[in-house]
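Each remark here refers to the structure printed beneath this line.
Count residues from 1 along the sequence.
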Amino acid sequence: MGINSNRVEHYSDPGHADQLHADITATAPVTITVSGETMTVHNVCLPPQKSTLQKLRHRLSEIFFLDDPLHGFKNQSRLRKLVLALQFFFPIFEWAPNYNFTLLRSDVVSGLTIASLAIPQGISYAKLANLPPIIGLYSSFVPPLIYSVLGSSKHLAVGPVSIASLVMGTMLTEAVPYNQDPVLYLKLAFTATFFAGVFQATLGLLRLGFVIDFLSKATLVGFMAGAAVIVSLQQLKGLLGIVHFTTKMQIIPVLSSAIQHRNEWSWQTIVMGFCFLAFLLTTRHVGMKKPKLFWVSAAAPLASVILSTLLVTLFRSKLHGIATIGHLEKGLNPPSSNMLYFHGQFLGVAIKTGIITGILSLTEGIAVGRTFAALNDYQVDGNKEMIAIGVMNMAGSCSSCYVTTGSFSRSAVNANAGAKTVVSNVVMASTVLVTLLFLMPLFHYTPNLILAAIIITAVIGLIDYQSAVRLWKVDKLDFLACLSSFLGVLMISVPIGLAIAVGVSVFKILLHVTRPNTGVLGNIPGTQIYQNVNRYRETKRVPSFVILGIEAPIYFANSTYLQERILRWIREEEEWLAANNGSSLKCVIIDMTAVTGIDTSGLAMMKELKKMLEKRSLQLVLANPGGSVMEKLHQSNILESFGLEGVYLTVDEAVADISSSWKTQP
């Protein structure tokens, strides 16, 4: 039997709470005989008693310190704890003592390889953000150096990325177009980068990484595909040689602008641009199909920049219609802390842009880091990554850099090239340094069309149609979130599209919470297993019982729905019994196995439901309530109303014990 009625009486006297807890915990199982077979009915115990402070501490540790980051500090000397602390906050102290020439050789090769990709991409992505091309190179120098000290991923290649560049360019251009006030635009870009870093580092320090989980896989698939389409269409300006092109980021205005300015199309630009685009797409395809030839796709962007620059330089008298980058200043990153914009009417724009780009870049960086960590059998600490990315963006905002994170394309090249540690980022940054100091004049005649081709080649991989097809097959609501994100970005704007997608994802969560799954359970013959009668056709209903399963916590958001749904299940069961000449319904068993929690609204619902069923001469029984649920029932005195045969460890024990008690009744 469940809980002895003598013990239940103690609930009315708070002074006996401790004794009650001890009695319930110590009660021995009861043996009964069912159909000639002996069966043990176990007691449902309360969890061990804890003070409010102990519960709070346990709960907070589960929320914020689920990985127990300080476990390595236990039973260590003070000196060892100091070393571990340095390694914890600065991962460079963990791998640097064991660094050797063999590792260096691999990192140099991979660092030079990703530098050949980072330099043209840095220039291109800066243009995508409506920033001077030199800012993209600045952003490929300082942030990788900082990440090499603070980062925990061995393969993450740090620098500007397409999505963050697109979002920053879109949001800032709506407020202050670069061509109207270049200085103010730069100030807002650096300030947005600063706030992105503050937001990212704060999430890491407070261990609030779960915030970025609201950007679900489905949301990101749609968002990135939509952004890739918009980015690609925006590059028509460079590929067609259009001078007066729209700054809007919706599909209809972009296509309209390309058609309306047909008179500006340059056949020289079109021929050269699409030839290089075809070359880059071909090398990308080769790199994907044959991983051993990764260097082909990695070297193609830089080779294209060099070749196109040579062509324009040698034939500039005949190719006067092709627009070029122009003069780029030599030298290291100039300080920009004096350009941070902390007051004025556009501060809100900078903060909003920083938070949105910060979330996107953080999501991409951590996802990329974890992907390559899993492929190479090591772990990446998400909170450390947030701090590292946040600090490098804060430092970058003070050294003429805009938002940076880990790039998937460069990280893939980095891993394929044989990178062993983050020293590959240092090698890449050193290569960029040499470029900034000595090679900048060589980019003077680099055509804008090659930057457009590089951007299209980079972002086209973000269109993951296969994932969209899988979403449709597996989860239609996830597909709706994906489609909403995609269409929102294409038709409205990048930020609104992202907001719509997050809204759909949150709605999905609320839908699952407010409308949890419930079902009627039946017994699989010859076993003690009870499963959903609609899922397992071989299950048999138990005469005089209706057994219901609830697959969610019972909270204020779903308690009313659950009460109404349970009553409906009971009504439908009674109708089914009447139609099939079954025995009358006597007992309702609720399988609480999947109910992980309950609040006061849920407790009130349970109490009210029991009263309603008692008026209909139906017994309500709970099977296998979890520890926290049992504790809440105990503390609220609701368990008192269940009395004898009210709570059981399993559905099978409840059915057997209650059936046995009915047989003994006259």
So the side-chain hydrogen bond (donor to acceptor under 3.5 Å, both in side chains) pairs with at least one residue in residues 444-460 (sequence neighbours excluded) are T309-T446
Could you list all the side-chain hydrogen bond (donor to acceptor under 3.5 Å, both in side chains) pairs where at least one residue sits in residues 426-441, not counting sequence neighbours?
-> none
Can Q200 and S361 be said to form a side-chain hydrogen bond (donor to acceptor under 3.5 Å, both in side chains), step by step?
-> CA-CA 9 Å; Q200 293 165 335; S361 59; 2.8 Å; yes
What pairs of residues pass the ring-ring contact (aromatic ring centres under 6.0 Å, His included) test when at least one of them lies in residues 94-116, not counting sequence neighbours?
-> W95-Y99
[X]-[Y] side chain donor-acceptor pair, cut-off 3.5 Å:
X    : Y    : result
S467 : R470 : yes
S152 : D381 : no
T404 : N393 : yes
S148 : N425 : no
S165 : Y402 : yes

Can R284 and I460 be said to form a side chain to side chain contact (heavy atoms under 4.5 Å, CB included), step by step?
-> CA-CA 10 Å; R284 177 181 179 274; I460 200 170; 3.9 Å; yes
Nearest 0.5 Å please: distance from the [atom1] atom of [X] over to the [atom2] atom of [Y].
X    : Y    : atom1 : atom2 : result
S297 : L117 : OG    : CG    : 8.0 Å
L150 : L145 : CG    : CG    : 11.5 Å
K384 : S153 : NZ    : OG    : 12.5 Å
I306 : I450 : CD1   : CD1   : 11.0 Å
L128 : I163 : CG    : CD1   : 8.5 Å
L328 : L439 : CG    : CG    : 11.5 Å

Can any side-chain N or O of [X] pair as donor or acceptor with the backbone N or O of [Y] at less than 3.5 Å?
X    : Y    : answer
S485 : T219 : yes
S232 : I456 : no
Q250 : I492 : yes

Aromatic rings Y178 and Y185: how do their planes relate, parallel, tilted or perpendicular, breaks at 30° and 60°?
-> perpendicular
What residues form a side chain to side chain donor-acceptor pair (under 3.5 Å) with Q121, not counting sequence neighbours?
-> R410
Just do the side chain to side chain contact (heavy atoms under 4.5 Å, CB included) check on M394 and V198 with the steps written out, would you?
-> CA-CA 7 Å; M394 284 190 287; V198 170; 3.5 Å; yes
Output all residues satisfying salt bridge (charged side-chain N to carboxylate O under 4.0 Å, His left out) with D478, sequence neighbours left out; order by chain, then residue number.
-> K508
Heavy-atom pair with the smallest gap, counting every atom of [X] and [Y]:
X    : Y    : result
L156 : G369 : CD1-N, 3.8 Å
G122 : P160 : CA-CG, 4.4 Å
M339 : V183 : CE-O, 4.1 Å
M224 : L462 : O-CB, 3.9 Å
P120 : L451 : O-CD2, 4.4 Å
I134 : E329 : CD1-O, 3.6 Å

Do M168 and Y125 pass the side chain to side chain contact (heavy atoms under 4.5 Å, CB included) test, and can you show the C-alpha distance, the side-chain angles, and the key distance before you say yes or no?
-> CA-CA 11 Å; M168 175 172 283; Y125 291 158; over 6 Å; no
[X], [atom1] atom: more than 12 neighbouring heavy atoms under 6.0 Å:
X    : atom1 : value
F90  : CZ    : no
F199 : CZ    : yes
Q76  : CD    : yes
F342 : CZ    : yes

Is there a side-chain contact between F223 and V167, using heavy atoms and a 4.5 Å cut-off?
-> yes
Hey, does I119 have a side-chain heavy atom less than 4.5 Å from the side chain of F443?
-> yes
Run the side chain to side chain contact (heavy atoms under 4.5 Å, CB included) check on L340 and C398 step by step: do they pass?
-> CA-CA 8 Å; L340 295 181; C398 299; 4.2 Å; yes
Pairing residues for F346 by the ring pair (Phe, Tyr, Trp, His ring centres under 6.0 Å) criterion, not counting sequence neighbours = none
Worked check of ring pair (Phe, Tyr, Trp, His ring centres under 6.0 Å) between F195 and Y341 = CA-CA 11 Å; F195 281 114; Y341 185 93; over 10 Å; no
